[in-house]
Undergrad: 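Encoded as structure tokens, here's the structure I'll be asking about.
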Amino acid sequence: MSAQNLIESKLNPNQAVVDEICAAGDPWVKVVKKGQVFRIVDLEGNQAVDTLFYRASEAMERYSATDTIRRQNELYLTTGSKLYSNFGNIMLTIVADTCGRHDTVGGACAAESNTVRYGLEKYPMHSCRDSFLHALAHDPVCERLGMSKRDIPSNINFFMNVPISEDGGLDFADGVSAPGKYVEMKAAMDVVVLISNCPQLNNPCNAYNPTPIRLLVWD
């Protein structure tokens with residue numbers, strides 16, 4: 001993380017056309033139009049925000065961690081990072097970032113991964129995969145696109161700190177965010193944003209205390 005990546009936005013929240021709060025552990029779905037700017041705010045600090053993007057007209061085209069990492073030769077996202085689709089198209093570009101590091105490889109927590117990592121008694125705990133599935137089954141935007149559980153690729157974890165060890169392992173470490181930090185993206189196409197505001201209680205990605213986030217969109 002370098003200082004030049006920490007870029008503040010000049011946009012005024014009072015002029016946003018969308019300004020909503022997503023509670024801890026909840027999903028959130030919205031269409032962001034080409035040219036609009038979308039901001040995620042970590043209201044209380046150290047909150048992981050699992051996020052997926054889809055082309056708004058055809059969900060077969062969606063955010064690709066593989067293409068995003070390979071095209072830029074970078075594991076972590078920050079100002080200037082382009083988010084690529086599985087068709088090789090730029091979906092969004094990060095235009096402002098006051099956190100400086102966002103994870104591309106840690107994936108979404110699920111009942112199965114909670115069980116493997118933390119114990120059999122963790123299986124019933126709410127997870128990001130549960131939130132994604134709930135949105136896919138109940139949100140009108142997802143319903144219109146005919147989306148289902150097969151439409152959950154690898155996601156971005158905004159604000160989450162996942163260092164890669166020398167032997168190639170993942171370490172879910174303390175976050176590098178703080179109250180009020182945000183990341184802002186400009187859409188290069190009409191996109192559906194699907195968020196799980198992570199409910200994880202078993203590792204420090206949420207400081208063991210999931211908290212709400214703020215979502216804003218500007219024309």
Side-chain angles (χ1 to χ4, degrees), residues 1 5-9 11 18-30 32 36-54 62-65 68-69 72 74-85 90-109 127-129 131-132 135 152-164 170 172-187 191-200 203-207 209-218:
M1 180 173 66
N5 292 329
L6 299 178
I7 304 291
E8 291 194 17
S9 171
L11 293 175
V18 173
D19 186 354
E20 297 177 7
I21 301 293
C22 178
D26 279 3
W28 187 86
V29 181
K30 193 72 67 178
V32 176
Q36 287 187 318
V37 176
F38 168 57
R39 181 189 294 179
I40 307 172
V41 185
D42 185 1
L43 287 174
E44 298 184 34
N46 275 20
Q47 174 62 21
V49 183
D50 294 44
T51 307
L52 292 166
F53 298 101
Y54 304 84
R62 72 279 303 264
Y63 166 76
S64 167
T68 298
I69 294 166
Q72 295 162 110
E74 287 286 345
L75 270 182
Y76 304 107
L77 305 174
T78 185
T79 309
S81 297
K82 300 181 190 323
L83 310 184
Y84 283 88
S85 77
I90 297 169
M91 304 188 80
L92 306 100
T93 300
I94 298 179
V95 292
D97 182 17
T98 61
C99 175
R101 181 175 168 121
H102 307 276
D103 167 64
T104 58
V105 295
C109 58
S127 69
C128 282
R129 185 167 173 84
S131 287
F132 285 149
I152 304 179
S154 297
N155 58 284
I156 299 169
N157 292 306
F158 286 110
F159 309 110
M160 191 161 141
N161 185 23
V162 186
I164 308 298
L170 302 182
F172 294 88
D174 284 341
V176 292
S177 187
K181 299 279 189 186
Y182 58 82
V183 60
E184 201 170 270
M185 293 150 267
K186 186 170 185 177
V191 294
V192 174
V193 183
L194 171 55
I195 283 175
S196 166
N197 192 21
C198 184
Q200 182 60 260
N203 73 49
C205 73
N206 293 328
N209 176 38
T211 52
I213 55 171
R214 184 181 182 189
L215 294 314
L216 302 103
V217 179
W218 288 263

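Worth saying up front: this structure is predicted, and the values here are computed from it rather than measured. All values below were derived from every heavy atom in this structure, side-chain atoms included, with hydrogens, water molecules and symmetry-related copies excluded.
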Undergrad: Tell me whether Ser154 contacts the main-chain N or O of Gly107 through its side chain, where contact means a donor paired with an acceptor under 3.5 Å.
TA: no

Undergrad: May I ask you to test the Asp19-Arg214 pair for a side-chain heavy-atom distance under 4.5 Å?
TA: yes

Undergrad: Please identify each residue that fulfils ring-ring contact (aromatic ring centres under 6.0 Å, His included) with Trp28, with sequence neighbours left out.
TA: Phe38

Undergrad: Can you tell if the side chain of Tyr182 reaches within under 4.5 Å of the side chain of Leu216, non-hydrogen atoms only?
TA: no

Undergrad: Could you pull out all residues at least two apart from Glu44 that satisfy side-chain contact (heavy atoms from CB on, under 4.5 Å)?
TA: Thr211, Pro212

Undergrad: I'd like to check Val29 versus Tyr54 (side-chain heavy atoms, cut-off strictly below 4.5 Å). Are they in contact?
TA: no

Undergrad: Could you measure the distance from the CG atom of Asn155 to the CG atom of Asn157? Nearest 0.5 Å is fine.
TA: 5.0 Å

Undergrad: Donor-acceptor pair, Thr68 side chain versus Tyr84 backbone, under 3.5 Å?
TA: yes

Undergrad: Only counting residues at least two apart or in another chain, list the ones meeting ring-ring contact (aromatic ring centres under 6.0 Å, His included) with Phe53.
TA: none

Undergrad: For the residue pair His102 and Phe159, is the inter-centroid distance of their aromatic rings smaller than 6.0 Å?
TA: yes

Undergrad: Inspect the surroundings of CD in Glu8 and state if more than 12 heavy atoms from other residues, nucleotides or ligands are less than 6.0 Å away.
TA: no

Undergrad: Heavy atoms, side chains only, cut-off 4.5 Å: are Leu215 and Val193 in contact?
TA: no

Undergrad: Could you tell me whether the side chain of Gln72 and the main chain of Lys82 form a donor-acceptor pair under 3.5 Å?
TA: yes

